Amino acid sequence: MRLVKTKEENIEENYLELHYDRLDEETNAVLDRLRDTLRYIEGTVDEKKVTVAVTDIFYFETVDRKIFAYTRDMCIEVKEALRDIIEEYSKLGFVRISKSSVVNIYKIKKLQGDLNMRVIIYLKNDEKLIMNRSYKKEFYDKLAKIQGGKTK
């Protein structure tokens, strides 16, 4: 299989095209990975229904028994429980960092150590989250897996 990337000026949305004679194992594996990344989640903002690409979500958080998803410029109330979110979207880089928060590893700008072995997570949208120390091992294991490395 080969990959052809072409830059096009002034298109409204990026798109992928697949040309094939037959779908072999390699092509099906690529399609399976793409299907995961092209998933959407529904929620509400100001009592209006919205649909957002899961990959646009920076983190999920529980506040007063409600679950919210945060994108670069939106806060969406969703109906899924945090445990279901982790189960459903962990392949997309979501990992739990506290009892009430799940972060998208791909939206992290940097990590910084904090007091009591906690970690400050700086996101690409300039928000900060705190990772509790009891979630550090799981977080770093996930990070190493995504980077193709081994855990400490």
Side-chain angles (χ1 to χ4, degrees), residues 1-64 66-98 100-114 119-131 135 138-151:
M1 177 186 298
R2 64 188 169 109
L3 174 66
V4 177
K5 295 189 322 185
T6 307
K7 182 177 180 180
E8 295 182 36
E9 299 290 331
N10 302 319
I11 61 173
E12 287 185 29
E13 183 178 20
N14 291 341
Y15 66 92
L16 297 173
E17 233 176 68
L18 175 65
H19 301 263
Y20 63 93
D21 180 28
R22 63 182 175 73
L23 288 174
D24 57 11
E25 279 186 44
E26 182 183 26
T27 307
N28 278 323
V30 170
L31 288 173
D32 286 343
R33 292 192 71 183
L34 283 173
R35 279 187 200 101
D36 278 343
T37 61
L38 298 173
R39 297 183 64 188
Y40 291 85
I41 191 166
E42 290 185 354
T44 56
V45 175
D46 298 327
E47 298 183 22
K48 296 178 188 169
K49 288 202 180 271
V50 295
T51 303
V52 178
V54 174
T55 54
D56 287 342
I57 296 172
F58 283 72
Y59 66 99
F60 291 94
E61 182 178 44
T62 302
V63 178
D64 295 333
K66 294 179 183 180
I67 308 295
F68 295 93
Y70 297 85
T71 65
R72 182 170 295 284
D73 53 8
M74 231 187 320
C75 175
I76 304 147
E77 183 178 349
V78 297
K79 297 297 179 197
E80 287 85 352
L82 279 185
R83 68 181 173 279
D84 296 335
I85 288 167
I86 293 167
E87 188 175 304
E88 193 72 22
Y89 305 125
S90 68
K91 287 183 183 177
L92 301 177
F94 286 91
V95 63
R96 186 170 230 147
I97 59 165
S98 70
S100 62
S101 299
V102 173
V103 71
N104 182 346
I105 283 182
Y106 297 107
K107 301 293 186 185
I108 294 174
K109 186 189 314 183
K110 74 176 187 175
L111 303 170
Q112 178 182 322
D114 195 23
V119 175
I120 301 172
I121 299 172
Y122 293 88
L123 299 174
K124 292 177 181 175
N125 66 352
D126 295 325
E127 286 194 56
K128 291 190 292 187
L129 301 174
I130 302 293
M131 178 181 4
Y135 294 92
E138 179 186 349
F139 176 85
Y140 285 113
D141 287 349
K142 178 80 166 185
L143 188 59
K145 184 178 178 184
I146 286 172
Q147 293 175 335
K150 305 244 187 275
T151 59

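Since the structure is predicted, the reported quantities are computational estimates derived from the model, not experimental observations.
The closest side-chain heavy-atom distance from Val119 to Ile97 is not below 4.5 Å. Inter-residue side-chain proximity for Ile130 and Lys128 is flagged as unmet; no heavy-atom pair is nearer than 4.5 Å. Side chains of Val54 and Phe94 form a contact here, defined as non-hydrogen atoms less than 4.5 Å apart. Residues Asp126 and Lys109 have side chains in contact (heavy-atom distance under 4.5 Å, counting atoms from C-beta outward). Inter-residue side-chain proximity for Leu82 and Arg96 is flagged as met; some heavy-atom pair is nearer than 4.5 Å. At a threshold of 4.5 Å between non-hydrogen side-chain atoms, the residues Ile41 and Ile76 do not count as touching. By the 4.5 Å heavy-atom criterion applied to side chains, Leu143 and Ile108 are not counted as neighbours. Tyr140 places a side-chain heavy atom less than 4.5 Å from the side chain of Leu111.
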Step by step, work out the side chain to side chain contact (heavy atoms under 4.5 Å, CB included) result for Asp24 and Arg22.
CA-CA 6 Å; Asp24 57 11; Arg22 63 182 175 73; 3.2 Å; yes
Pair Leu23, Leu31 - check side chain to side chain contact (heavy atoms under 4.5 Å, CB included), show working.
CA-CA 10 Å; Leu23 288 174; Leu31 288 173; 4.0 Å; yes
Would you sort out whether Glu80 and Ile67 count as a side chain to side chain contact (heavy atoms under 4.5 Å, CB included), showing the intermediate values?
CA-CA 7 Å; Glu80 287 85 352; Ile67 308 295; 5.9 Å; no
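Taking the centre of each ring, Phe58 and Tyr70 stay at or above the 6.0 Å mark.
Of all heavy-atom pairs spanning Val103 and Tyr59, the tightest one is CA-CB, 4.0 Å. Between Lys91 and Lys142, the shortest heavy-atom contact is N-NZ, 4.0 Å. Annotation for Val78 and Glu42: closest pair CG1-O, 3.7 Å, computed over non-hydrogen atoms. Smallest separation of non-hydrogen atoms from Tyr89 and Tyr40: OH-O, 4.3 Å. For Tyr106 against Lys124, the heavy-atom pair with the smallest separation is O-NZ, 3.0 Å. Closest approach of Asn104 and Thr55 over heavy atoms only: ND2-O, 3.8 Å.
Counted within 6.0 Å of CD on Glu127, heavy atoms from surrounding residues, nucleotides or ligands total more than 12; the atom is thus considered enclosed. Counting non-hydrogen atoms of neighbouring residues, nucleotides and ligands closer than 6.0 angstrom, the CD atom of Glu8 exceeds 12 such neighbours. Within a 6.0 Å sphere centred on CG of Asp46, other residues, nucleotides and ligands contribute 12 heavy atoms or fewer.
Atom CD1 of Ile121 and atom NZ of Lys107 lie 15.0 Å apart (nearest 0.5 Å). Of the inter-residue distances, the one linking Asp73 atom CG with Thr71 atom OG1 reads 4.5 Å to the nearest 0.5 angstrom. Atoms OG and CD, from Ser100 and Glu61 in turn, are 5.5 Å apart once rounded to the nearest 0.5 Å.
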